[in-house]
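Just so it is clear: chains get the letters A, B, ... in the order the sequence lines come, proteins before strands, and each one is counted from 1.
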Amino acid sequence: MLGLEKKDFTLLLIVTVMVIFAPFVLNPFPEGTAMAQMFNAGYPDLMQRFAIFGILVIGFNILFGLTGYLSFGHAAFLGAGSYAAVWMFKLLGYDIIPAILLSIAVSGLFSLAVGYVSLRRSGIYFSILTLALAQMMFNMAYSVLGNPSSSYNLTNGETGLQVYNSDPQVLLSATDPNFPHLFGLSMRSETHLLVGNWDFTLNAGYYLSGLFLLLAFYISIRIFRSPFGLMLRAVKSNQQRLNYTGLNTRPYTLMAFVISGMYAGLAGGLLACMDPLAGAERMHWTASGEIVIMSILGGIGTLIGPILGAGFNEYFKNILSKINDSILHEWLSFLPDGFEDIMVTLIHPFVGKGWHLTLGLLFMMVIIFLPGGLVEGGQRIGKLFRRKKADTPSDETPVE
Amino acid sequence: MDAIILQILNGLDKGSAYALIALGLTLIFGTLGVVNFAHGALFVIGAFCAVTLNRIFSISFETTDPTKVDFLGNPATIKTTYLEHWFGAGPAAWMTDWSVPLAILMAIPVMLLVGVIMERGLIKHFYKRPHADQILVTFGLAIVLQEIIKFFYGANPIQTAPPDVFIGTMDLGVWLGFEANAIAYPYWRMVYFLFSTVIIGGVFAFLQFTTFGMVVRAGMADRETVGLLGIDIDKRFTITFAIAATVAGLAGVMYTPITPPTYDIGVELLVLSFVVVVVGGMGSLPGAVLAGFLLGIVESFASMNEVKNILPGIDQIIVYLMAIIVILVRPRGLMGRKGVMED
């Protein structure tokens with residue numbers, strides 16, 4: 001179906017179902033309860049981030065997962081995409097189609113330039129070069145191109161680029177909503193579905209991002225299964241041998257780099273569509289590091305891994321940063337008083353403002369013990385169960 | 001002329017910091033073959049050694065003085081630092097004043113310990129893993145170390161003063177035959193530059209003139225052969241890692257009076273130090289030092305107003321631009337050797 005093998009089609013179908021029913025599945029607790037405030041993730045803001053970062057990491061996976069080239073500057077393309085989209089809002093109006101098209105194109109061009117320079121080297125050199133180039137883009141966006149008093153203020157510096165009433169917006173008509181929209185459908189518009197005590201929010205922006213996520217996922221499956229994808233894997237396993245056979249690998253790696261840059265641009269454009277604001281901090285190299293963390297958490301080189309990793313990272317970031325001392329006391333109230341206080345003091349550094357620490361530790365643990373990420377973890381657990389049941393060694397090929 | 005000398009001097013202190021961090025990075029890279037993304041965090045740990053010592057010196061206890069009363073009529077409490085209690089007022093004041101240089105004494109054992117623990121506990125297990133994994137695990141470690149420091153010291157910059165003697169600027173211009181005040185240079189920056197040259201000289205002398213250094217250099221050139229000769233090269237490399245950590249830490253200690261340390265200064269310096277290492281040539285120690293000073297000075301020239309008026313914002317990107325040019329023209333860097341980290 002759709003040019004996919006049965007296994008891949010099933011995977012695509014699972015992801016489709018996940019995307020469609022996410023607003024329900026992620027809202028397991030009734031509205032207004034304490035559990036809902038803590039664990040419910042079915043609100044538009046967060047779900048949009050799931051989908052958008054899913055797209056970003058799927059693209060990153062095409063580069064890092066297939067070719068093994070570790071880029072430490074991918075956030076720069078995300079930022080460039082966001083800036084491009086906001087400029088379209090400023091110049092043309094709030095229609096998202098030109099915004100997304102331009103953001104993909106701009107990021108594609110940037111990644112072509114960055115890739116052309118940095119793909120001359122591989123391994124560590126490549127990582128450092130992408131890091132340096134992305135940091136250069138960040139510095140330019142932050143200071144040179146963001147000086148409000150100069151005549152080439154492209155990024156508006158620290159304040160961030162946003163749409164003002166004085167902007168031209170030449171295509172804006174009176175009936176259009178005053179927010180990014182698709183043919184008049186505002187990205188903010190939502191339908192509330194009240195079932196008993198549950199309140200499910202169906203948001204236009206989320207479903208649009210979800211649609212793009214599915215599209216991105218489908219293209220990535222096609223790339224993984226294509227001769228081109230095979231070539232990229234060959235680059236990862238032994239580039240030297242490829243060179244000896246007289247094959248020039250650079251066009252392939254450059255292509256992969258540009259594709260993943262365009263994915264990042266699409267993600268950046270979508271971020272701007274959900275909230276028409278772009279800031280330079282999106283391009284900082286720690287943001288690039290977070291992309292790497294997401295893809296490693298999920299499982300690098302696998303198809304479903306990036307989506308899992310992006311979702312996992314965003315979800316736990318959200319929960320961990322919400323937990324504070326009083327919530328901890330509430331949870332641990334079954335313990336004896338003195339012991340409870342000790343436990344709260346012990347856990348305190350890891351939650352709330354300290355969520356970075358927990359994610360950093362988790363990330364290290366994953367790299368040390370589970371280099372394949374969540375997907376490998378799932379496979380190991382699955383294998384454990386199967387061995388118990390059937391007691392026969394399974395020769396399952398890894399799910400991709 | 002005096003403007004040029006001033007810019008060179010301004011570049012020296014930043015260049016010193018780059019050179020020290022890049023030197024440590026190159027040492028680790030040349031010996032262990034690991035790119036240490038946590039090296040910036042080591043610099044920060046060093047910087048916070050200075051902050052910690054300053055705080056330790058100001059730990060005090062309270063005594064009541066029955067002869068005086070405070071404004072409420074209660075007996076006045078007087079805070080006395082333990083330092084004063086033990087050593088007397090004079091030495092205590094001197095030690096507080098000199099807390100940053102004294103922190104070096106504290107930072108050396110701390111950094112050696114941190115280095116050994118890091119290498120034995122974590123990085124040792126990553127020699128056989130791909131470079132990407134090494135980068136990622138040290139990147140994770142950098143986040144963790146940084147967050148631990150943030151937890152204890154908060155996110156705001158912490159002012160640490162240099163000794164009183166070194167506050168203020170020296171009038172270098174007079175010495176060199178210019179008019180007074182033509183070239184004013186802060187004393188502490190001069191101290192930092194001299195300090196870094198001493199450290200760099202020390203590291204090179206250690207590698208060049210001791211048997212231990214000879215073995216390490218041999219190991220950098222051909223690890224396998226050294227191992228075949230019956231030398232436990234891993235143990236030496238552990239110590240080399242600890243030395244590299246100490247160099248970064250000391251660079252951090254002495255840098256505190258120049259820029260008040262925050263938990264994330266290491267991040268910015270690290271990216272620049274990588275650029276320095278690439279420009280100098282991966283695995284080349286003299287290259288790292290040379291490129292460190294070179295980039296520091298170039299950066300300071302680029303931030304002159306005369307230059308900025310022609311090319312606005314050039315000071316923000318000049319370092320990266322130079323790195324790109326060097327990579328395109330001389331892929332091995334300024335002093336990189338053939339066969340060292342060719343990919």
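For Y142(A), no part lies near chain B; criterion is any non-hydrogen pair under 4.5 Å. The contact between L270(B) and chain A is made entirely by side chain atoms (from C-beta outward), counting heavy-atom distances below 4.5 Å. Interface residue L141(B): backbone and side-chain heavy atoms are both found under 4.5 Å from chain A. There is no contact between A323(B) and chain A, counting heavy-atom distances below 4.5 Å. Contacts of L357(A) with chain B are made by both backbone and side-chain atoms, with heavy-atom separations under 4.5 Å. Only the side chain of F72(A) has a heavy atom closer than 4.5 Å to any heavy atom of chain B. For chain B, no part of L359(A) is nearby; none of its heavy atoms comes within less than 4.5 Å. Neither the backbone nor the side chain of L362(A) comes within contact range of chain B; no heavy atoms are under 4.5 Å apart. With a 4.5 Å cut-off on non-hydrogen atoms, L70(A) touches chain B through its side chain but not through its backbone.
When V278(B), L145(B), V319(B) are compared by the number of non-hydrogen pairs under 4.5 Å with chain A, V278(B) comes out ahead. Highest contact tally toward chain A, considering only D133(B), L272(B), I324(B), is held by I324(B) [criterion: heavy-atom pairs under 4.5 Å].
Checking T52(B) against Y153(B) by side-chain atom types alone, a donor-acceptor pair falls below 3.5 Å. Under 3.5 Å, the side chains of E281(A) and H284(A) contain no donor-acceptor pair of N or O atoms.
A ring-ring contact (aromatic ring centres under 6.0 Å, His included) with Y69(A) holds for exactly one of Y252(A), F257(A), Y125(A), F126(A); it is F126(A).
For K317(A) (side chain) and W355(A) (main-chain N/O), no donor-acceptor pair under 3.5 Å exists by modelled atom type. A side-chain donor-acceptor contact under 3.5 Å links S107(A) to the backbone of F77(A).
Taking the centre of each ring, F237(B) and F241(B) stay at or above the 6.0 Å mark. A distance below 6.0 Å separates the ring centres of F37(B) and F274(B).
At least one cation-pi condition fails for R55(B) and F152(B): the charged atom is not both under 6.0 angstrom from the six-membered ring centre and inside a 45 degree cone around its axis.
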